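Report on one structure; see the data block that follows.
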Amino acid sequence: MSIVYIIIGAILVLWGADRLTDGATAIAQRLNIPQIVIGLTVVAMGTSMPEFFVSLMSAIKGTSDLAVGNIIGSNVFNTMAIVGITALVAPMTISRSTVQKDIPFAIVASVMLLLMCFDTTLSRLEAGVLFLGFLIFMVYTVRIGMKNGDEQVLNLRPMPVWQMIGLLLLGMACLIGGSDLFVIGAKSVAKTLGVSDAVIGLTIVACGTSLPELATSIVAARKGRSAIAIGNVIGSNVFNILMIIGATGLILPMDIQGITLVDYSVMMGSIVLLWLFSYTKFTVERWEGAVLAIGFFAYMAWIVIRA
């Protein structure tokens, strides 16, 4: 039944995130919000909703290790598994702004999380600093996007107001219910296997909540839009730390015991390695993707052996 809970919860969370994003995007378009702003805010945050609700429900249920492990594991999965596997499918071209702005911001966010959680606690003040960093990142990103004047059209069909609101409410309900089932199932599996909540968060939960980014990135790379794919991955990493951990910590301070220095180091090391790979030719070659993918599976193996 625990496995069933995890599967049903994951399906509800992923499906609910899509419905929530569709409804929010339609409302933003109806209000004549510039489409570049929609892409940088509503759509970007929509892909991070699974991580947010799973981490929030985990913290509320008293499993802070699962909440933080979910974020760290998701960031490692994004940077090493998604970029690595996608680069193996097709070499990924990275935009100059991603290399010069987004990746360094993700590195800074990772360092902030390490420093704040080094004492195994995250207070409301520290969470507030993270969330303030998220607001600064969003304002700066939107201003840059508006300045660049990206006029890409989303081509969304008009939607009646009742349908927009219905999608929002339906998506929210699925996210809350699905994440609750997901956390219940994950905690039960951890107890049955005799491993910690942190291990489950770093592996099963992290990979499950990052499936939308994996599918989106592979499809985008095969269509020759790898810059969009990797931008989504890096943006998701920043959202995960600053917005999700920040907002969750503001609601409920966290006591983090099961996350090790190795886990934080892998998260930071992976993003630094990606930055070095991309900084040379603004491209992640197939062999570089292989290095990232192998590094991810080695890290997963280490977690299993440690458990």
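We're numbering straight along the sequence, starting at 1. Bear in mind that the values here come from a model prediction, so they are computed numbers and not experimental data.
Contact annotation: the side chain of Asn240 approaches that of Asn78 to within less than 4.5 Å [non-hydrogen atoms, C-beta and beyond]. In this structure, Met138 and Phe239 have side chains that are in contact, with non-hydrogen atoms separated by less than 4.5 Å. Within the 4.5 Å cutoff, the side chain of Val205 has no heavy atoms near those of the Ile6 side chain. Residues Leu170 and Cys174 meet the side-chain proximity criterion, which asks for heavy atoms closer than 4.5 Å.
Across every non-hydrogen atom of Cys117 and Tyr264, the tightest pair is CB-OH, 3.1 Å. Closest non-hydrogen pair, Ile72 versus Asp263, comes out as CG2-O, 3.7 Å. Between Leu181 and Gly9, the closest heavy-atom pair is CB-CA, 4.1 Å. Residues Ile244 and Ser55 approach most closely at CG2-CB, 3.9 Å, considering heavy atoms. Between Asp255 and Thr120 the shortest heavy-atom distance is OD1-O, 3.1 Å. Residues Ile256 and Ile259 come closest through the heavy atom pair CG2-CG1, 3.5 Å.
Ring orientation note: the planes of Tyr299 and Trp302 are close to parallel, at an angle under 30° on the 30°/60° scale.
Going from atom CD1 of Ile241 over to atom CZ of Phe134 covers 13.0 Å, rounded to the nearest 0.5 Å. Atoms CZ and CD1, from Phe77 and Ile85 in turn, are 6.0 Å apart once rounded to the nearest 0.5 Å. Annotation: the span from Met254 atom CE to Met116 atom CE amounts to 11.5 Å, rounded to 0.5 Å. Taken to the nearest 0.5 Å, the CD1 atom of Ile303 stands 10.5 Å off from the CD1 atom of Ile200. Atom OG1 of residue Thr121 and atom CD of residue Gln257 lie 9.0 Å apart, to the nearest 0.5 angstrom. Rounding to the nearest 0.5 angstrom, the gap separating the CD atom in Glu288 from the CG atom in Leu276 is 10.0 Å.
Side chains of Thr79 and Asn237: a donor-acceptor N/O pair is present below 3.5 angstrom, by distance only.
A continuous path of hydrophobic side-chain contacts links Phe53 to Ile251 [ILVMFWY only; heavy atoms under 4.5 Å]. Residues Val68 and Met112 share a single hydrophobic cluster, defined by chaining ILVMFWY side chains whose heavy atoms lie under 4.5 Å apart. Under a hydrophobic-cluster definition in which Ile, Leu, Val, Met, Phe, Trp and Tyr are linked whenever side-chain heavy atoms come within less than 4.5 Å, directly or via other members, Ile305 and Val195 are assigned to different clusters. Grouping the Ile, Leu, Val, Met, Phe, Trp and Tyr side chains by contacts below 4.5 angstrom, directly or via other members, places Val304 apart from Val199. Under the 4.5 Å side-chain heavy-atom criterion for ILVMFWY residues, no single connected hydrophobic cluster contains both Trp15 and Met164.
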Item to complete: Given side-chain contact (heavy atoms from CB on, under 4.5 Å), test Trp287 with Phe277 step by step and report yes or no.
Response: CA-CA 10 Å; Trp287 72 267; Phe277 282 161; 4.2 Å; yes
Discussion item. Run the side-chain contact (heavy atoms from CB on, under 4.5 Å) test on Leu114 and Leu261 for me, step by step, so that the C-alpha distance in whole Å, both residues' side-chain angles and the decisive distance to 0.1 Å come before the verdict.
Written reply: CA-CA 8 Å; Leu114 169 61; Leu261 183 60; 4.0 Å; yes
Discussion item. side-chain contact (heavy atoms from CB on, under 4.5 Å) for Thr260 and Arg306? Distances and angles first, verdict last.
Written reply: CA-CA 11 Å; Thr260 68; Arg306 183 188 66 176; 3.1 Å; yes
Discussion item. Working note: Ile245 + Leu113, criterion side-chain contact (heavy atoms from CB on, under 4.5 Å); need CA distance, chi angles, decisive distance, verdict.
Written reply: CA-CA 9 Å; Ile245 295 293; Leu113 181 62; 4.1 Å; yes
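Taking the six-membered ring where the residue is Trp, the centroids of Tyr5 and Phe182 are separated by 6.0 Å or more. Side-chain rings of Tyr140 and Phe137 stay apart, their centers remaining 6.0 Å or farther from each other.
Under the 3.5 Å distance criterion, the side-chain polar atoms of Ser188 are left unmatched by any main-chain donor or acceptor of Gly185. Proximity of a side-chain donor or acceptor of Arg19 to a complementary backbone N or O of Leu167 within less than 3.5 Å is not detected. A donor-acceptor contact shorter than 3.5 Å is absent between the side chain of Arg124 and the backbone of Gly249. Side chain of Trp275 to main chain of Pro104: no donor-acceptor pair is present (N/O by atom type, distance under 3.5 Å, no hydrogens or angles). A donor-acceptor contact shorter than 3.5 Å links the side chain of Ser74 to the backbone of Asn70. Formation of a donor-acceptor pair under 3.5 Å by the Ser123 side chain with backbone atoms of Glu126 is found in this model.
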